[in-house]
Amino acid sequence: GAALIAGYRVEMVGAGERQRPLISGADRILSCTEEEVVFVLRSRRLSLKGGGLSCLTYEGGVAEVSGDVSFIALEKRGVEK
């Protein structure tokens, strides 16, 4: 399923246990570790937390993340410019 958040989209793509998040509308990647991938979406931060995470692709504001995502959060504050 997909969730629209203020014009941004977070969608799960793939089948079964190979599903992975596809993020549309990302301005940039703020950080990327095996435990957390953080994107800047204008004045917001989108955090994906889990294990074995990596950003497979990022082009034109669209990013695909692999790994075991256990938590997704959207924050309005704390964005580093």
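Note that the structure is predicted; figures quoted are calculated from it, not measured.
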Between OG1 on residue Thr33 and NZ on residue Lys49, distance to nearest 0.5 Å: 10.0 Å
Criterion side chain to side chain contact (heavy atoms under 4.5 Å, CB included) on Val65 and Phe39, from CA distance to verdict: CA-CA 11 Å; Val65 175; Phe39 297 96; 3.8 Å; yes
Atom pair CG (Leu22) and CG (Leu56), whose distance is rounded to the nearest 0.5 Å: 10.0 Å
From Glu11 atom CD to Arg20 atom CZ, the distance as rounded to the nearest 0.5 Å: 11.0 Å
Point-to-point distance, once rounded to the nearest 0.5 Å, from CD1 of Ile23 to OG1 of Thr57: 9.0 Å
Between CG on residue Leu53 and CD on residue Glu36, distance to nearest 0.5 Å: 9.0 Å
Note, Leu74 side chain near Leu41 side chain (heavy atom, < 4.5 Å): yes
Validation row: Pro21, Glu64 side chains within 4.5 angstrom (heavy atoms): no
For Cys32 against Cys55, the heavy-atom pair lying closest together: SG-N, 3.9 Å
Distance-minimising heavy-atom pair for Ala26 and Tyr58: O-OH, 3.1 Å
Donor-acceptor under 3.5 Å (Asp27 side chain, Arg42 main chain): yes
Main-chain N/O of Gly61 paired to Ser24 side chain as donor or acceptor, under 3.5 Å: no
Atom pair CD/CZ of Glu75 and Arg44 - distance to nearest 0.5 Å: 11.5 Å
Nearest heavy atoms of Ser47 and Val38, plus distance in Å: OG-CG2, 3.8 Å
